[in-house]
Novice: 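Once you've had a glance at the structure underneath, I'll fire off some questions.
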2 protein chains.
Amino acid sequence: MATIKDVAQKAGVTVTTVSRVLNNRGYLSKDTRDKVFQAMEELNYKPNAIARSLYAKKSGIIGLILPALRHPFFAELAGFIEQYANLHAYKLLVCDSNHDALREKEFVDLLKSNQIDALIMASHTLDVREFAGLDYPIVTFDRIIDGLSYVCSDNYRGGVLAAERLIHVGCEHVAHICGNLQLDLLSNDRTKAFLDVMDKHGINPIIVQTQTDVFDYKHYDNMIYPLLKDHPHLNGIFATSDLLAAHVLRACYEMNIKVPGDLRVIGYDDVSLSELLVPQLTTIHQPIQEMAEMAVILATQAQEADRFQQAHVFPVHMIQRYTC
Amino acid sequence: MATIKDVAQKAGVTVTTVSRVLNNRGYLSKDTRDKVFQAMEELNYKPNAIARSLYAKKSGIIGLILPALRHPFFAELAGFIEQYANLHAYKLLVCDSNHDALREKEFVDLLKSNQIDALIMASHTLDVREFAGLDYPIVTFDRIIDGLSYVCSDNYRGGVLAAERLIHVGCEHVAHICGNLQLDLLSNDRTKAFLDVMDKHGINPIIVQTQTDVFDYKHYDNMIYPLLKDHPHLNGIFATSDLLAAHVLRACYEMNIKVPGDLRVIGYDDVSLSELLVPQLTTIHQPIQEMAEMAVILATQAQEADRFQQAHVFPVHMIQRYTC
DNA sequence: CTGAAAGCGCTAACAT
DNA sequence: ATGTTAGCGCTTTCAG
C-alpha cells in the first residue's frame, strides 16, 4: 500500500508538498503539482483515511444501531440514512443489535472506540444511563432521552387516525397488536391514542403485545392465530407495524376471514411492503425518508447549544388502500 | 475524550504501562494494574481504535457494497453478514450503490481509503478492471471475477427446478421475469437453465427483464401488468426474485387472475417475505444465512494461496407453498 | 517490573 | 514555492 512518502519520493518532493496537493492548500507550481499527481496515479495512491482521522479527530463515520436490519421498516430507514450520510460525505457503520441490550451496549462502546462523529440510535433496549459520558452527538429514533435530539412520527396522531377510521367504518370488536409496551418507546403513543379514542366510544380493545426476547417473526403468528381463533367476532385490528399487519392478513387468508369484509386491518409505517400485500394495506404513513434526512442532519450539523431543539416530530397521514 | 496519556498521568505511570495493561502483555504488578484500571474507569477511557488501526495497519472493518438495502434479499443478506462479521470481531461498513456504477466506484475508493480489511461485493454494475490494484481480500456475490472468491447459490439448478415444476404441473404458456441480463451476473444462469429445460419441452417462454437504470420498484408493475394483460393464456411464471414474484401475485389479485388456479408462480430467494404473501409463495430456497457466513469467512480468513478455492456454490431446493 | 523513544501516515505551523 | 518538524493516540522494541 503506497503511502504519502512513496509518492513524495517518486515525485522528488517532500511529504508536505504531496499533502498540499492532496488538500489543495497553499501555493504550488503547476509543475510540481503535475509531478505529484502523476506519481499518485502510478502508485494508485489513496490517502489513508485512518491517519487523517487520527490527526483531524474526526472519522467521518456515523454509527447506526438498529434492532433488526431484516425488519422492513429498519431496512428502509437504514437505506435512506445511508443515502443522506453519503450526501454529507459521511460513511455509515451499521450495527444490528437484534433487540439485545448487551449487544447494544457493546456497540455503543465499540462505536465510541471507533471515534464515530455521531450516533443514530434506533434500538432501545438499553437503559438511559448508558448514554452518559458519550462525547459525540446522539440522535434518537422514537425515544426521548434527556439532552438528546430525537426524531419520530406523530405517533399519537397516528393512533387517533387508526382508531377513528375503524370506528367510522363501524368496527365494534376491536383488537390492537403492538410491540412490547415495557420498552420506553414513543411508538407506545400509538397504543395510548388508540385506546383513548376507543375508550371515548365505549370500546375496549383486546391488546396483544410482542415479546421482547423473541427474535423470530414466527412468534408473530403464535400470537395472531390464537387471537383470531379465540375472537371470531373481531371486525377491526390496528397493528403498529406493517409487518405485523402483513402477518394478520396472511393469517386471515388462511383462516378464511375476509379482509376487509369480515375484518378491517390498519397498519403503521407505510413501508413498500404494504403496497405489495393482498389486499394492499391501509396504513398510517410516516415519512421515513424525511425522518432519515433529519436524523442525518441532526447528527451531522452541531447545533448551537442555545437553540437546541429536542423534538423533531413528523406528521403522519392515513393511506387508504383496501384493508379498511 | 480521555487518551492513554490522561490515564497514565492519573495512574502515575507511563503510557507504556497503560498500553500493557490494555493489551495484557508483559509483567505487571497487581498494584499498578489495579491503579491503571481504576484510572480508566474514572475517566471512562476507551482506547482509540483509529490510533490502534494506524499502528496495526488493520482497521477491523469489512466493507459491504450492495445494490439496495431496501430490497428484502439484500436486507436479509446484510443482516446476516453483519451478524457474522460481528462474531469475528469485525465491524461492517455498509454502502448502498443504488445500482449506480459511479457510486459503486466511489465506494471502492472510499473503502480503500478507509483501510478496510476486506470487501464483500454484492453490487455489480462495475467493470471488472476497477478491481485491479486493490490490496485487500474481495469476495463477490453472484459474479465471477478473476482471482477472487465468490459465493452464490446453484443458480442453474434453481432454474431447472423451477422449470421442471412448472412443466410437471402442466404449464404450457410460460413467462419468465428476471433482472437485466446485460449485467454479467451468475444469477443469469437461472434464466439460462429455465430456458434450456423449457426448450427441451418445446416451450418458448416470454421473457421480461427489469431495466438497469430504474431504481423504483413501481417499474416492476409497469412490466408485469402489460405482460399479464397481453397474455391472458399465461399459466406459469418463474420470477428470479421473491420481490418480483410478490409484484406478480399482487397484480394477479387485482386483475382477478387466480393463483395457482389460473396461473402458477415460482419465485427465487426464499426471503421471509415469501411466507408473508397471499397465497404463500412457492420459491427456490437459497441458504442466505450460510452464504453470508461463508462470505465473512472468506473475507476474514486469508486463504493460503496454494489452495485457493474460487467457487463457493450453495445448494438450492424448492419450497413448495401455495402458488405452484 | 517499568520507562524512554521511535514510528504508523498524515497535516499544519513555522521556517526559508 | 517548498522543506523541517512536531504531533494526533497508540504499540513496541530496547534499556534498565
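Within every chain, numbering begins at 1; the chains are lettered A, B, ... in the order of the sequence lines, protein sequences first and strands thereafter.
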Novice: Find every protein N or O atom lying less than 3.5 Å from an N or O atom of nucleotides 14-16 of chain D, and list the pairs.
Specialist:
none

Novice: Are B/V271 and B/I288 packed together at the side-chain level, in the sense that at least one heavy-atom pair is separated by less than 4.5 angstrom?
Specialist: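 Yes, side chains in contact.
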
Novice: Rounded at 0.5 Å granularity, tell me how far CG in B/L43 sits from CD1 in B/I4.
Specialist: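 These two atoms lie 12.0 Å from each other.
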
Novice: So if I take residues 28-39 of chain A and measure heavy-atom distances to DNA chain D, which residues fall below 4.0 Å?
Specialist: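 When residues 28-39 of chain A is checked for heavy atoms under 4.0 Å from DNA chain D, the hits, listed by number, are A/L28, A/S29, A/T32.
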
Novice: I need the A/L119 CG to A/D117 CG distance, nearest 0.5 Å.
Specialist: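 So the gap between those two atoms works out to 11.5 Å.
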
Novice: Give the residues of residues 43-61 of chain A touching DNA chain D, defined as any heavy atom closer than 4.0 Å, sorted by residue number.
Specialist: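 Residues of residues 43-61 of chain A that come under 4.0 Å of DNA chain D are, in numerical order, A/L54, A/Y55, A/K57.
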
Novice: Between the side chain of B/Q310 and the main-chain N/O of B/L148, is any donor-acceptor distance below 3.5 Å?
Specialist: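 Yes, because the side chain of B/Q310 sits within donor-acceptor range (under 3.5 Å) of the backbone of B/L148.
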
Novice: With sequence neighbours excluded, give me every ring pair (Phe, Tyr, Trp, His ring centres under 6.0 Å) pair touching residues 47-79 of chain A.
Specialist: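 Qualifying pairs, neighbours excluded: A/H71-A/F74.
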
Novice: Which pairs count as side-chain hydrogen bond (donor to acceptor under 3.5 Å, both in side chains) when at least one residue sits in residues 78-89 of chain A, sequence neighbours excluded?
Specialist: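 Sorted pair list: A/Y84-A/Q289, A/N86-B/R103.
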
Novice: Report yes or no: does B/D96 contribute a side-chain atom to a donor-acceptor pair with the main-chain N or O of B/N98 at less than 3.5 Å?
Specialist: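 Judged by distance alone, yes, a pair lies under 3.5 Å.
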
Novice: Five pairs per end, C1' atoms only: what is the angle between the end axes of the helix from C/dC1-D/dG16 to C/dT16-D/dA1, to 10 degrees?
Specialist: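 Inter-axis angle at the ends, rounded: 50°.
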
Novice: For B/E42, check salt bridge (Lys or Arg N to Asp or Glu O under 4.0 Å) against everything at least two apart and list the hits.
Specialist: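 B/E42 satisfies salt bridge (Lys or Arg N to Asp or Glu O under 4.0 Å) with B/K10 once adjacent residues are dropped.
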
Novice: Between A/T300 and A/V296 (side chain of the first, backbone of the second, donor and acceptor by atom type, cut-off under 3.5 Å), is there such a pair?
Specialist: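 Between the backbone of A/V296 and the side chain of A/T300 there is a qualifying donor-acceptor contact (under 3.5 Å).
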
Novice: Taking the side chain from B/S153 and the backbone from B/F314, do they hold a donor-acceptor pair closer than 3.5 Å?
Specialist: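 No; zero donor-acceptor contacts below 3.5 Å.
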
Novice: For residues 7-18 of chain A, which residues have at least one heavy atom under 4.0 Å from DNA chain D?
Specialist: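 Output list: A/V13, A/T14, A/T16, A/T17.
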
Novice: Closest heavy-atom contact between B/S53 and B/S59?
Specialist: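 Between these two residues, the closest heavy atoms are OG-CA, 3.6 Å.
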
Novice: Does A/K105 have any salt bridge (Lys or Arg N to Asp or Glu O under 4.0 Å) partners at least two apart in sequence or in another chain, and if so, which?
Specialist: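 Partners of A/K105 by the salt bridge (Lys or Arg N to Asp or Glu O under 4.0 Å) criterion, ordered by chain and then number, come out as A/D109, A/E130.
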
Novice: What is the first contacted nucleotide of DNA chain C and what is the last, in 5' to 3' order, if contact means an atom lying under 4.0 angstrom from a heavy atom of chain B?
Specialist: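 Listing 5' to 3', DNA chain C meets chain B from C/dC1 to C/dG9.
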
Novice: Which residues pass the salt bridge (Lys or Arg N to Asp or Glu O under 4.0 Å) test with B/D6, sequence neighbours left out?
Specialist: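 None.
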
Novice: Return the CD1 to OG distance between B/I144 and B/S149, rounded to the nearest 0.5 Å.
Specialist: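 The OG atom of B/S149 is 11.5 Å from CD1 of B/I144, to the nearest 0.5 Å.
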
Novice: Report the distance from atom CD1 of B/I116 to atom NZ of B/K91, rounding to the nearest 0.5 Å.
Specialist: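 Going from CD1 on B/I116 over to NZ on B/K91, the span is 12.5 Å.
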
Novice: Report the distance from atom CG of B/D135 to atom CD of B/Q115, rounding to the nearest 0.5 Å.
Specialist: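 Output value for this atom pair is 8.0 Å.
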
Novice: For A/N114 and D/dC10, what is the distance between atoms CG and P respectively, to the nearest whole Å?
Specialist: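 So the CG-P distance, A/N114 to D/dC10, works out to 13 Å.
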
Novice: What residues, two or more places apart in sequence or in another chain, satisfy salt bridge (Lys or Arg N to Asp or Glu O under 4.0 Å) together with A/K35?
Specialist: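 By the salt bridge (Lys or Arg N to Asp or Glu O under 4.0 Å) rule, A/K35 matches no residue at all.
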
Novice: Rounded to whole Å, how long is the line connecting atom NZ of A/K5 with atom P of D/dT5?
Specialist: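 So the NZ-P distance, A/K5 to D/dT5, works out to 14 Å.
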
